[in-house]
Chemist: 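Shown below is the structure under consideration.
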Amino acid sequence: QVQLVESGGGLVQPGGSLRLSCAASGFTADYYVIGWFRQAPGKEREGVSCISSSDSSTYYTDSVKGRFIISRDNAKNTVYLQMNSLKPEDTGAYYCAVVPRIGTVKLMCPSKSMFISWGQGTQVTVSS
């Protein structure tokens, strides 16, 4: 059974940085797409960034391009989201999710319905 555990959220001032981690266990697929999604109060969950294991291609939603960086450490079975220059609109619950298939991240990431295993989330609050 796949288990995803997020960590690293917290309260940060605008312009600050956070690094989220997603530790995966029980996962044996050679090829997968894993990513970060966020949900702000009163809004739908959106795909923030994803990465493919097959070719390391990445996707970023427009609002985070140039500020967020997704990366993975295969030895630790962990995916990271480095978030820089944080803005109040980045506030929300951040979730890690994975789907065990080869895919085009720019098509899969915006469509959260393709992801079948989800973590419990970690809260990010950007406020002064």
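Sequential numbering from 1 along the given sequence is applied to the chain's residues.
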Chemist: Within the structure provided, determine whether Tyr60 and Val48 are in side-chain contact (heavy-atom separation under 4.5 Å).
Modeler: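 No; the side chains remain at least 4.5 Å from each other.
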Chemist: Quick check: closest heavy atoms across Pro110 and Val105, and the distance to 0.1 Å?
Modeler: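 Smallest heavy-atom distance, with atoms named: CD-O, 3.9 Å.
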Chemist: Measuring from atom OH of Tyr59 to atom OG of Ser52, what distance do you get when rounded to the nearest 0.5 angstrom?
Modeler: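 One gets 15.0 Å once the value is rounded to the nearest 0.5 Å.
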Chemist: Charged N to carboxylate O under 4.0 angstrom, Asp62 versus Lys65?
Modeler: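 Counted as a salt bridge, because a side-chain N and a carboxylate O are separated by less than 4.0 Å.
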Chemist: Can you pull out every salt bridge (Lys or Arg N to Asp or Glu O under 4.0 Å) where at least one residue sits in residues 109-128? Sequence neighbours excluded, please.
Modeler: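 Applying salt bridge (Lys or Arg N to Asp or Glu O under 4.0 Å) to every pair that reaches into residues 109-128, excluding sequence neighbours, yields Glu44-Lys112.
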Chemist: Would you mind writing out the side-chain donor-acceptor pairs for residues 17-35 within the sub-3.5 Å range, not counting sequence neighbours?
Modeler:
from, atom 1, to, atom 2, distance (Å)
Ser17, OG, Asn84, OD1, 3.0

Chemist: Between Thr122 and Ser7, is a side-chain contact (heavy atoms from CB on, under 4.5 Å) present by the stated rule, with each step listed?
Modeler: CA-CA 6 Å; Thr122 185; Ser7 61; 5.7 Å; no
Chemist: For the atom pair CD1 (Ile70) and CH2 (Trp36), what is the distance rounded to the nearest 0.5 Å?
Modeler: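 The CH2 atom of Trp36 is 8.0 Å from CD1 of Ile70, to the nearest 0.5 Å.
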Chemist: Would Leu4 and Val124 show up in the same hydrophobic cluster when neighbours are defined by side-chain heavy atoms closer than 4.5 Å?
Modeler: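 Yes: a chain of side-chain contacts under 4.5 Å links Leu4 to Val124.
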Chemist: Could you measure the distance from the SG atom of Cys96 to the OH atom of Tyr80? Nearest 0.5 Å is fine.
Modeler: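 If we round to the nearest 0.5 Å, Cys96:SG and Tyr80:OH are 12.0 Å apart.
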Chemist: Please find the pair of heavy atoms, one from Cys109 and one from Ser49, that lie closest to each other, and give the distance.
Modeler: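 Scanning both residues completely, I find the closest heavy atoms to be SG-C, 3.6 Å.
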Chemist: How many angstroms lie between CD in Gln3 and CD in Gln120, if you round to the nearest 0.5 Å?
Modeler: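 Going from the CD atom of Gln3 to the CD atom of Gln120 covers 8.5 Å.
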Chemist: With a 3.5 Å cut-off and no angle check, do the side chains of Thr61 and Ser63 form a donor-acceptor pair?
Modeler: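 Looking only at side-chain atoms, Ser63 and Thr61 do not form any donor-acceptor pair under 3.5 Å.
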Chemist: To check you understand the geometry: which heavy-atom pair defines the closest contact between Gly16 and Val12, and what is its length?
Modeler: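 Smallest heavy-atom distance, with atoms named: CA-CG2, 3.8 Å.
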Chemist: Would you tell me whether Ser127 and Thr125 have side-chain atoms, one donor and one acceptor, within less than 3.5 Å of each other?
Modeler: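 On atom types as modelled, these side chains do not qualify, holding no pair under 3.5 Å.
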Chemist: Quick one: does any side-chain atom of Ser111 pair with a main-chain N or O of Met108 as donor and acceptor, under 3.5 Å?
Modeler: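 Not at all, since once roles are kept as given, no pair shorter than 3.5 Å links the two residues.
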Chemist: Can Ser56 and Arg72 be counted as having a side-chain donor-acceptor contact under 3.5 angstrom?
Modeler: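 Side chains of Ser56 and Arg72: pair found under 3.5 Å.
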Chemist: Quick one: list whatever passes ring pair (Phe, Tyr, Trp, His ring centres under 6.0 Å) with Phe37, sequence neighbours left out.
Modeler: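 Result, ring pair (Phe, Tyr, Trp, His ring centres under 6.0 Å) vs Phe37: Phe115, Trp118.
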Chemist: Between the main-chain N or O of Ala93 and the side-chain N or O of Gln39, is there a donor-acceptor pair closer than 3.5 Å?
Modeler: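 Flag not set: sc Gln39 to bb Ala93 has no pair under 3.5 Å.
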Chemist: Has Thr91 got a side-chain atom pairing as donor or acceptor with Val126's backbone, closer than 3.5 angstrom?
Modeler: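 Yes, because the side chain of Thr91 sits within donor-acceptor range (under 3.5 Å) of the backbone of Val126.
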Chemist: Can you tell me how far the CZ atom of Arg38 sits from the CD atom of Gln123, to the nearest 0.5 Å?
Modeler: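 Answer for the CZ-CD pair, Arg38 versus Gln123, is 12.0 Å.
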Chemist: Got Tyr94 and Glu6 here, is their nearest side-chain heavy-atom distance under 4.5 Å?
Modeler: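 Contact flag for Tyr94/Glu6 side chains = no.
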Chemist: Can you tell me how far OG of Ser71 sits from CG of Leu81, rounded to the nearest 0.5 angstrom?
Modeler: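 Here the rounded value is 8.5 Å.
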Chemist: Quick one: does any side-chain atom of Thr104 pair with a main-chain N or O of Lys106 as donor and acceptor, under 3.5 Å?
Modeler: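 Flag not set: sc Thr104 to bb Lys106 has no pair under 3.5 Å.
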Chemist: On a heavy-atom basis, which atom in Ser117 and which in Val2 lie closest, and how many Å separate them?
Modeler: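 That closest heavy-atom pairing would be OG-CB, 3.8 Å.
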